[in-house]
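To start, the structure itself, in structure tokens.
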Amino acid sequence: MAGLIGKKLGMTQVYNDRQELVPVTVVAAGACPVVQVKSHDSDGYAAVQLAFEEVPARKRNKPDSGRFAKAGVAPHRHLREVRTAGLDAEFEVGQVLDVSQFEAGDTVKVTGRSKGKGFAGVVKRYGFRGKNTSHGTPDRVRHPGAIGQGTTPGKVWKGKKMPGHMGDRKVTTRGLQIVRVDGERNLLFIKGAVPGAADGIVLIRRD
């Protein structure tokens with residue numbers, strides 16, 4: 001099994017086998033054609049390159065069209081590469097992967113792009129406590145405090161938790177369980193939340 005590229009549709013609730021109401025994220029996963037198969041002999045590692053969401057003819061450019069034509073696949077909007085741990089011989093170019101790879105109860109990891117929160121201070125970004133509002137504290141309640149170390153080492157260490165851009169980064173959530181698989185509509189119902197906003201692209205792999 002390689003994995004699937006999908007689009008996060010949103011969250012809802014469904015009943016599981018024990019008639020328990022479970023919060024789930026609905027992902028439209030696949031179908032994903034294989035565009036390229038990489039092996040240890042040719043590339044030094046084993047992986048497959050998957051495509052998702054076919055591009056309308058009016059939006060296709062020549063470089064992408066040639067690349068997909070070589071694989072015998074219509075141009076798609078998204079490409080992702082998935083390591084196959086030496087199982088590259090099980091896949092071939094043009095093969096289409098869908099949700100039939102998964103079953104209810106499988107544990108997966110989902111990679112997506114987290115929601116962007118813009119510029120944020122240390123209280124919102126890292127959960128700093130802030131300063132007391134007593135004893136005449138002026139406008140420094142949500143400030144990070146001192147960031148240097150004095151004479152030794154006399155610098156601010158790289159990676160210091162500071163205000164800055166929050167979110168909009170690659171995030172992987174592991175240990176998620178598939179509650180239901182809808183093969184007719186290529187839908188996966190995954191227990192809990194997955195990274196990103198609605199309509200965001202995610203990569204689903206077995207954990």
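No experiment lies behind these values; they were computed from the predicted model shown. Along the sequence shown, residues are numbered consecutively beginning with 1.
For R140, the salt bridge (Lys or Arg N to Asp or Glu O under 4.0 Å) criterion is met by no residue, not counting sequence neighbours.
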For a quick test of your reading: what N or O donor-acceptor pairs under 3.5 Å do the side chains of residues 146-162 make, sequence neighbours left out?
none

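In this structure, CD1 on I201 lies 11.5 Å from CG on L79, to the nearest 0.5 angstrom. Between the OG atom in S114 and the CG atom in D168 there is a gap of 6.5 Å [rounded to 0.5 Å]. We find the OG1-CZ distance between T111 and R205 to be 4.0 Å, quoted to the nearest 0.5 Å. Here the NE2 atom belonging to H76 is positioned 5.0 Å from the CD atom belonging to E54, to the nearest 0.5 angstrom. Note that NZ of K7 and CD of E53 are 4.0 Å apart. Values are rounded to the nearest 0.5 Å. Here the NE2 atom belonging to H78 is positioned 7.0 Å from the CZ atom belonging to R80, to the nearest 0.5 angstrom.
Note: the hydrophobic cluster containing I204 does not contain V26 (ILVMFWY, side chain heavy atoms under 4.5 Å, direct or indirect links). Both V22 and L187 belong to a single network of hydrophobic side chains, linked directly or stepwise wherever heavy atoms of I, L, V, M, F, W or Y lie under 4.5 Å apart. With hydrophobic clusters built from ILVMFWY side chains whose heavy atoms lie under 4.5 angstrom apart, V82 shares a cluster with I5. Both L97 and V37 are part of a single hydrophobic cluster, where members link through side-chain heavy atoms under 4.5 Å apart. L4 and V73 are not part of a single hydrophobic cluster, where members link through side-chain heavy atoms under 4.5 Å apart.
For the pair V96 and A31, the tightest heavy-atom approach, listed with the atom from each and the gap, is CG1-CB, 3.5 Å. Of all non-hydrogen atoms in F52 and C32, the two that sit nearest each other are CD1-SG, 4.1 Å. Of all heavy-atom pairs between F102 and V181, the closest is O-CG2, 3.9 Å. Among all heavy-atom pairs drawn from E81 and A47, the shortest one is CG-CB, 3.8 Å. Contact record, P195 with T173: CG-OG1, 3.4 Å, taken as the closest heavy-atom pair. Among all heavy-atom pairs drawn from F68 and A51, the shortest one is CE2-CB, 3.9 Å.
Counting heavy-atom neighbours within 6.0 Å of E20 CD, excluding the residue itself, gives a total above 12. Annotation for Q19: atom CD counts as buried by contact number, over 12 foreign heavy atoms lying within 6.0 Å. Residue Y15 qualifies as open at atom OH: its count of foreign heavy atoms under 6.0 Å is 12 or below. Surrounding CZ of R77 are more than 12 heavy atoms belonging to other residues, nucleotides or ligands, all under 6.0 Å away.
Geometrically, R83 engages Y45 in a cation-pi contact defined by less than 6.0 Å to the ring centre and at most 45° from the axis.
Considering K191, R180, R206 as possible partners of D106, the one that fulfils the salt bridge (charged side-chain N to carboxylate O under 4.0 Å, His left out) test is R206. For the side chain to side chain contact (heavy atoms under 4.5 Å, CB included) criterion with V24, the lone passing option out of I190, V14, L188 is V14. When each of R174, Q177, K109 is tested with D207 by the rule side-chain hydrogen bond (donor to acceptor under 3.5 Å, both in side chains), just one qualifies, namely R174.
Remark: the D41 side chain and the S39 side chain contain no N/O donor-acceptor pair separated by less than 3.5 Å.
Looking at R125, its side chain does come within 3.5 Å of a backbone N or O of H165 through a donor-acceptor pair. K8 places a side-chain N or O within donor-acceptor distance of the main-chain N or O of V194, the cut-off being under 3.5 Å. Panel note: side chain D98, backbone S100; a donor-acceptor pair is recorded below 3.5 Å.
A 4.5 Å side-chain heavy-atom check between L50 and V34 finds at least one atom pair inside the cut-off.
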